[in-house]
Number of protein chains: 2
Amino acid sequence: MSSATRKPPDREEDLTARARIRDAAIDCFGQRGLNVPVRDIAERAGVSPALVIHHFGTKAKLLAACEDHVTRLIRETKTASVTDRDHRTVLHQMAEAEEFAPYMAFLFRCLQAGGDLARTLYERMAADIEAYLDAGVRAGTVRPSRDPRARAHWLAANSAGALLMFVTLREPGPDVDFRKVIREWTAEFALPALEVYSEGLLADRSMLDAYLLYVSDPPEEPS
Amino acid sequence: MSSATRKPPDREEDLTARARIRDAAIDCFGQRGLNVPVRDIAERAGVSPALVIHHFGTKAKLLAACEDHVTRLIRETKTASVTDRDHRTVLHQMAEAEEFAPYMAFLFRCLQAGGDLARTLYERMAADIEAYLDAGVRAGTVRPSRDPRARAHWLAANSAGALLMFVTLREPGPDVDFRKVIREWTAEFALPALEVYSEGLLADRSMLDAYLLYVSDPPEEPS
DNA sequence: CAGAATGCTGAACAAGCGTTTAGTCTGTTG
DNA sequence: CAACAGACTAAACGCTTGTTCAGCATTCTG
């Protein structure tokens, strides 16, 4: 008993105030954006604003700590759901899991705010999509592309950006329930997305051919 | 001569300080976002911050005045380019015209910031796209959809959102040259977009059919 | 037990922001 | 010419925000 009480609570790494602040920050950042005041984060964690700075030094460092934590959490459970049935981003896939919604909301806000983490996130999304599409091409479920990397980047920008647009346009306050957003999103746009992705949008290839003729160094046909 | 000098300069509505402030605000908002300080706008217009408030009462009202002015300018010249050859948004189409780039940048920032004007802008984009696609369907260049309105909204969210993502991810400072952005965008993504829109992304319709089977009230086939 | 270290707080500081105030200058009007 | 109205400004106010400071407990250490 004496040995149990003696050891500092640093080890368990959770339940400590530092962890409470970090979790509160992740929630606040995710729901209200990265410019949420430090005071609000402190209030949510049930501590004083000064303690937040005491533990993390700076709001920017707090944000970095949140990034680290979320990134680690995601990476640990990511491998399970990578090879799944649709091309949606990891962000989409995990957002519906009750437990991960706050983390997804946080990452989404990072993407929205730009900066280095946003670029990293975007690049990883694009890489994931490219890998997944490549697997699909080899399996015969996805059409080959003249420029697979560009296609993956275009799809990444479209997926993430459209979701960004969707959230930005919501009226009621800046508070966001990410699961609800994803649910509404799929309810509204699953059909047109599948339609265009399955059947295309244009009736013929004239515009594509015109473009291929126009570019100086046309990529070869994927046959 | 005396009658010419007597009339106040309010009539010509330009060259007056009020107009200079408005134009400076449009430029600043467009290049640096809607949260640019009033002081910076004033500096750019060559006046004191107090004069900005003196003329417009409030930063919010200044923004509203900018919205009004840009909206009117766009509406006046919009009819010319509505029926054009690709499905891109009005935003895309006009952004390449040297003269309109600042206004496009401003509207883009409004879209980015959310709020009522963003919703209006988005709805108008979606309506434009829907009308254009409908014309294409009747002309036989665009495939019909099971839900044309949803498809138009999806394309609007994708176009605007992807551009939003593209701008957000740019490293160097928040200053944005909108024409350059559009040029880079098309250089990078014209091919994959045309590819997917012309040939589709998925090799077969199995996912679409699965979805159509899944929804309780499946929309009818467009034949 | 003295003392150092750690967790934590209330209060204040400093900077950036939108806005107000009081007043100056200029040109027009009676 | 006196009076006034409008354009315009310097300075300051009030607010929010990130951060610092000085001090209070509590707990560990020698």
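Letters go in sequence order (proteins before strands), and every chain restarts at 1. Quantities reported herein were computed from a predicted structural model and do not represent experimental measurements.
- C/dT19 atom P lies 14 Å from atom CD1 of B/I21, rounded to whole Å.
- Here D/dT17 presents its C1' atom at 16 Å from CG of A/L63, a figure rounded to the nearest Å.
- The nearest whole Å value for the distance from the CZ atom in A/R32 to the P atom in D/dT16 is 13 Å.
- Atom CD1 in A/I53 sits about 14 Å away from atom C1' in C/dT9, given to the nearest Å.
- One interatomic measurement links the two molecules: CD of B/E43 to P of C/dG16, which rounds to 14 Å at whole-angstrom precision.
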Name the pairs: protein N/O against N/O of nucleotides 8-12 of chain D, kept only if under 3.5 Å.
from  : atom 1 : to    : atom 2 : distance (Å)
D/dC8 : OP2    : B/H55 : NE2    : 3.2
D/dT9 : OP2    : B/S48 : N      : 2.8
D/dT9 : OP2    : B/S48 : OG     : 3.0

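- Atom CD of B/E43 has 12 or fewer heavy atoms from other residues, nucleotides or ligands within 6.0 Å.
- If you take NZ of B/K59 and P of C/dG16, they are 15 Å apart, rounded to a whole angstrom.
- Here A/R146 pairs with B/E195 in a salt bridge; the nearest charged N to carboxylate O distance falls below 4.0 Å.
- Distances shown here put every side-chain N or O of A/T58 at or beyond 4.0 Å from the OP1 or OP2 atom of D/dG18.
- A/R119 has a carboxylate O that lies under 4.0 Å from a charged side-chain N of A/D116, or vice versa, which qualifies the two as a salt bridge.
- Within 4.0 Å (heavy atoms only), B/V36 reaches sugar-phosphate atoms of the nucleic acid but no base atom.
- Note: CG (B/L62) to P (C/dT19) measures 10 Å, nearest angstrom.
- Between B/F29 and B/F106, the ring-plane angle classifies as tilted under the 30° and 60° cut-offs.
- Straight-line distance from the NZ atom of B/K61 to the P atom of C/dG18: 16 Å, rounded to whole Å.
- Qualifying salt bridge (charged side-chain N to carboxylate O under 4.0 Å, His left out) partners for A/D40, counting only residues two or more places apart in sequence or in other chains: A/R32.
- Ion pairing between a basic and an acidic side chain is recognised when a charged N comes within 4.0 Å of a carboxylate O; B/R170 and B/E184 show such pairing.
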